[in-house]
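Since this is a predicted model, take the numbers as computed values, not measurements.
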Amino acid sequence: MFDQVVFAGGGNRCWWQAGFWDVVQPELRIRPRVITGISAGAATACMLYTRDSEWVMRYYEDALRHNSRNAYWGNLLRGQSVFPHYRIYRQALLDIYGEKFSSLADAPEIRIGVSHLPRWLGARSAVAAGLIAYNIEKYVRKTLHPTLGQTLGFHPEFVRAQDCATVEDLADLILQSSSTPPFTPVLRRNGRPVLDGGMVDNVPVGALDADAPGNVLVMVTRLYPRPQMFVVPHGVQQRLYVQPSRKVPISSWDYTSPSQMVHAYNLGRADGETFLERMPDLLEFAA
């Protein structure tokens, strides 16, 4: 049904993708050859081939039980990190994938994107420029596939999850794909600073095999000024985009409300049911 699948980034909003997938994948028996993902979308794709979604939600409920804030400003006086996200997220990735890491060898090829900084800018300047461009695309232009980051000189690199030799390597790769200061430090890959893959494109269709015919499922997590489900022909492909039916009820970097993950997940399940009802008509129209 879908030879390739795209998991857009979105932090906690990607729980919507997990709910959607858990309904749609078994019903349609989706066995993609290639998955492309950014940031938490990539983390979600890896999770779906290693753990049960409900197990992971219970894990986060326990891991975040005593985290009452998203910023601990008093840590400035102690020379410690103000934001707890990087520490919590890295440990979560290690715990979630650890025992099941070897099962990724049998999963589809999962391509995880990072954004390399423009060579003409220093790290701090590039971070500032990238975040400004990212937010203009997100809140002002609301562009499905942004261009400002590439215009500034950000360029993507995609690394296969299966090329990670250890679970620590995979956790580092996903964190590099999620690098969004100030919630995380500026991270480095092979000695070069990188930022969230969404600085180039939060919906990484550029990593697909563009010359492979067939249907592509693209799961976004933001609301765009488009129908909830729509098809974009691309050469020999039909790319079927689906977005949430309403705003996903959780903030991307909120680490204080794990109960909201369930609501985001359940919205995905409900949207998955609607998708199954409408999909035949969408693909027939596209054909």
Do any N or O atoms from the side chain of T36 and from the backbone of P204 form a donor-acceptor pair under 3.5 angstrom?
yes

Side chain to side chain contact (heavy atoms under 4.5 Å, CB included) between Q260 and N12, worked out:
CA-CA 9 Å; Q260 293 299 104; N12 285 324; over 6 Å; no

Testing the basics here: between P32 and V5, what is the closest heavy-atom pair and its distance to 0.1 Å?
CB-CG2, 3.8 Å

Answer yes or no for R13 and W16: cation-pi contact, defined as NZ/CZ to six-membered ring centre under 6.0 Å and angle to ring axis within 45°.
no

Quick one: closest heavy-atom pair of Q17 and T221, and the distance?
NE2-CG2, 3.6 Å

Test side chain to side chain contact (heavy atoms under 4.5 Å, CB included) applied to W15 and V262, step by step:
CA-CA 8 Å; W15 279 108; V262 178; over 6 Å; no

So, E157 and H116: side-chain donor and acceptor under 3.5 Å apart, yes or no?
yes

Does the Q238 side chain pair with the main chain of V231, one donor and one acceptor, at a distance under 3.5 Å?
no

Hey, is the main chain of T147 close enough, under 3.5 Å, to the side chain of E137 for a donor-acceptor pair?
yes

For S39 versus I174, what's the shortest heavy-atom pair and its separation?
O-CG2, 4.2 Å

Is it true that Y97 and I35 fall in one hydrophobic cluster, defined by side-chain heavy atoms closer than 4.5 Å?
yes

Do the side chains of L195 and P181 get nearer than 4.5 Å, heavy atoms only?
yes

For a 4.5 angstrom cut-off between non-hydrogen side-chain atoms, does I38 reach V6?
no

Got a donor-acceptor contact below 3.5 angstrom from the R111 side chain to the V159 backbone?
no

Would M261 and E61 count as a side chain to side chain contact (heavy atoms under 4.5 Å, CB included) if you check the C-alpha gap in whole Å, the side-chain angles of each, and the deciding distance to 0.1 Å?
CA-CA 9 Å; M261 294 178 180; E61 184 177 2; over 6 Å; no

Return the CZ to OG distance between F183 and S252, rounded to the nearest 0.5 Å.
8.5 Å

Group every Ile, Leu, Val, Met, Phe, Trp and Tyr by side-chain heavy-atom contacts under 4.5 Å, then state whether V194 and Y89 land in the same group.
yes

Under the 3.5 angstrom rule, does the side chain of D201 hit a backbone N or O of G206 as a donor-acceptor pair?
no

Regarding N266 and R269, do their side chains bring together a donor and an acceptor under 3.5 Å, going by distance alone?
no

Which residue pairs satisfy the ring-ring contact (aromatic ring centres under 6.0 Å, His included) criterion with at least one member in residues 198-251, sequence neighbours excluded?
H145-Y241, F230-Y241

Measuring only between side-chain heavy atoms, which start at C-beta, is I110 closer than 4.5 Å to C46?
yes

Modelled atom types, side-chain donor and acceptor of T274 and D271, under 3.5 Å:
no

Below 4.0 angstrom, N of the basic side chain to O of the carboxylate: do R31 and D3 qualify?
no

Look only at the side chain of S179 and the backbone of T184, and say whether a donor-acceptor pair between them is shorter than 3.5 Å.
no

Taken to the nearest 0.5 Å, the spacing of M57 CE from Y265 OH works out to 5.0 Å

I'd like to know whether CZ of R33 has more than 12 heavy-atom contacts from other residues, nucleotides or ligands below 6.0 angstrom.
yes

Mind checking whether M199 and V205 sit in one hydrophobic cluster, side chains of I, L, V, M, F, W, Y counted as touching below 4.5 Å?
no

Using the rule given for side chain to side chain contact (heavy atoms under 4.5 Å, CB included), can you reason through N70 versus H85, listing the C-alpha separation, both sets of side-chain angles and the distance that settles it, and then say yes or no?
CA-CA 8 Å; N70 286 310; H85 302 77; 3.4 Å; yes

Does D169 offer a backbone N or O that forms a donor-acceptor pair with the side chain of T166 under 3.5 Å?
yes

Would you say the ring centers of F20 and F275 fall short of 6.0 Å from each other?
yes

Please answer whether the main-chain N or O of T180 pairs with a side-chain N or O of D196 as donor and acceptor at a distance below 3.5 Å.
no

Is it true that Q237 and R239 share a donor-acceptor pair across their side chains at a distance under 3.5 Å?
yes

Starting from F158, can I reach Y49 by hopping between I/L/V/M/F/W/Y residues whose side chains sit under 4.5 Å apart?
no

Value rounded to 0.5 Å, distance of OH in Y72 from CZ in R78
11.0 Å

Can you confirm whether or not the ring centre of F83 sits under 6.0 Å from the ring centre of W253?
no

Considering all heavy atoms of both residues, which atom of F2 and which atom of L217 are nearest to each other, and what is their separation?
CD2-N, 3.4 Å

Between atom CG of L187 and atom CZ of R189, what is the distance when rounded to the nearest 0.5 Å?
11.0 Å

Hydrophobic cluster membership, L240 vs L276, 4.5 Å side-chain cutoff
yes

Does the D209 side chain pair with the main chain of D211, one donor and one acceptor, at a distance under 3.5 Å?
no

Are the side chains of H155 and Q150 in contact, using a 4.5 Å heavy-atom criterion?
no

Can you confirm whether V248 sits close enough to H263 that some side-chain heavy atom of one is under 4.5 Å from a side-chain heavy atom of the other?
no

Is the backbone of P108 close enough, under 3.5 Å, to the side chain of Q162 for a donor and an acceptor to pair up by distance?
yes

Straight-line distance of D22 CG to D52 CG, nearest 0.5 Å:
7.0 Å

Taking every heavy atom of P193 against every heavy atom of L117, the minimum-distance pair comes out as O-CD1, 3.4 Å

Let me confirm one number: the CD-OG distance from Q176 to S115, rounded to the nearest 0.5 Å.
11.5 Å

